[in-house]
Amino acid sequence: MSLNLTTKHGSSKNFLNHNHLDKIKTEARNRRRTILHLILSYLKENLLENTAEALIRETQLDTSYQLCENVELDVVLQEYQSYYYTKFQKYPKMVHKVEDQEKGQKKEKNIKRLISNSVKDGNVIQLEENSDFQFNIIPLNLAINQSISVDNNPTKTSWIDCLGLEAAIETLKEASIYPILYPEAFKDLTPWKGVLLHGPPGTGKTLLAKALACESGCSFFNVTSSTFTSKWRGESEKLIKDLFDTAKLQSPSTIFFDEIDALMPGTKEIQHEASKRFQSELLTLLDGIIPNEGQILILASTNSPWDLDGALLRRFDKRVLVDMPSKECRQKILKHHLRNLQCVLSPEEMDDIGNISEGYSGSDLKSAAKEVGMIFARERMKIVEKGERRNLSARQVTYKDICQALQKVRPSVNSYTCKKYYQWQNLHGAS
């Protein structure tokens, strides 16, 4: 009796499973039919009759069915986008370049988000926070474009633009360029793997990084703290790991952390758990690539080196102070930014300008040069308002113009702040 009950119970269970599978198959067939009718209706609305006939012929679609009223492919797509935005606070990514995905899979299957066609010779690979960690390749050296010359490229930056920063330039060359140009000189040697640029604001730290991106010919990854910000648990650690994996594939390469003190603050007591996990992953990756990878440079900049974690400082072989410009450098910087204007000053006037501009950073002098240009623009606007357009002849920059501009643009860094950088460099620097 027990055997008969068991057999009967097993038969009923198999019957229910069979009905459930049939129901799933029926729902799948209905979805497929509905999708095909949506596509067919869209093709007919856009007068693609040949394509519609080919769809009916190849799918053997039953034309005795048709869509209900107010059901369109555009409406379905809009409803899905609205639902996705309500749930995830961003719109879904519906299409992508097929060739990019195929090339990325050939290079590395384990990296989900990968650069497909990295343009080197002075390109920056910028990670954008709103692009779902897609790599945006920004060409800085437009010489590859035949229609644009390097001289007319406003984004082109060279070592010549980094006036007064010869020591930092030489360090960056030793870490990135010389090992590639002279591999025999670095035989059995390991070049610098980490360089930290610190100093007062406006002294040229980011300018050095931009010049390296244009001059080194390596893949350059420019990332900020917002790049790795995510509301999902563990997502920031995945993003930083993907970044280092991609840098290895694109080596020789440089990873530039702008304002790294925002990523790695030294006060761990007030940090969130997610920040601690991210910092642990970053420190592990920094220490992990040093003994294995000889073609990756970690470059970072900060205005607050005393706020950095001690474990992070150990990862940087060179900690270089980007100092305020000297008197001779201030004169060169002003001439460099006034090169498009007719500027003829006597040696005595230039010497006096070097004295009165003491305490100005490179960024302050650039602002002063812009102020000189605005003085010319204001004079021309007054002439145009009077209707005397024929008197718009360009005049030369005078000593009075530069002094007037320096009075309007005051220094952004005081001497007390500079002393803090000198003290930190004496204690922790490695120039």
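For this chain, numbers begin at 1 and follow the sequence in order. Heavy-atom basis, side chains included; hydrogens, waters and symmetry copies ignored.
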Tell me, yes or no, whether the heavy-atom count around Tyr42 atom OH, taken from other residues, nucleotides or ligands under 6.0 Å, exceeds 12. no
Applying side-chain contact (heavy atoms from CB on, under 4.5 Å), name anything that partners Pro325, two or more places apart in sequence or on another chain. Cys329, Arg330, Ile333
Please identify each residue that fulfils side-chain contact (heavy atoms from CB on, under 4.5 Å) with Arg32, with sequence neighbours left out. Leu36, Thr59
Under the side-chain hydrogen bond (donor to acceptor under 3.5 Å, both in side chains) test, residues paired with Lys332 that sit two or more places apart: none
Which salt bridge (Lys or Arg N to Asp or Glu O under 4.0 Å) pairs, counting each pair once, include a residue from residues 169-186, with sequence neighbours left out? none
Could you check Val322 against His198 for side chain to side chain contact (heavy atoms under 4.5 Å, CB included), going step by step and ending with a plain yes or no? CA-CA 6 Å; Val322 184; His198 71 93; over 6 Å; no
Please identify each residue that fulfils side-chain hydrogen bond (donor to acceptor under 3.5 Å, both in side chains) with Ser412, with sequence neighbours left out. Asp364
Suppose the criterion is salt bridge (Lys or Arg N to Asp or Glu O under 4.0 Å): which pairs have a residue in residues 366-378, not counting sequence neighbours? Glu371-Arg378, Glu371-Lys408
Applying salt bridge (charged side-chain N to carboxylate O under 4.0 Å, His left out), can you list everything that pairs with Asp401, at least two apart in sequence or on another chain? Arg395
side-chain contact (heavy atoms from CB on, under 4.5 Å) partners of Glu27, counting only residues at least two apart: Lys23, Arg31
For Ser301, the side-chain hydrogen bond (donor to acceptor under 3.5 Å, both in side chains) test, sequence neighbours excluded, returns Asp258
Do Trp159 and Leu212 come close enough that some side-chain heavy atom pair is under 4.5 Å? yes
State, without any angle test, whether Lys205 and Asn303 hold a side-chain donor-acceptor pair at a distance under 3.5 Å. yes
Taking atom types as modelled, is there a side-chain donor on Asp323 or Tyr421 under 3.5 Å from an acceptor on the other? no
Arg29: what forms a side-chain hydrogen bond (donor to acceptor under 3.5 Å, both in side chains) with it, not counting sequence neighbours? Thr26
Output all residues satisfying salt bridge (charged side-chain N to carboxylate O under 4.0 Å, His left out) with Arg314, sequence neighbours left out; order by chain, then residue number. Asp287
Looking at residues at least two apart in the chain, or sitting in another chain, which of them share a side-chain contact (heavy atoms from CB on, under 4.5 Å) with Leu48? Leu43, Asn46, Thr51
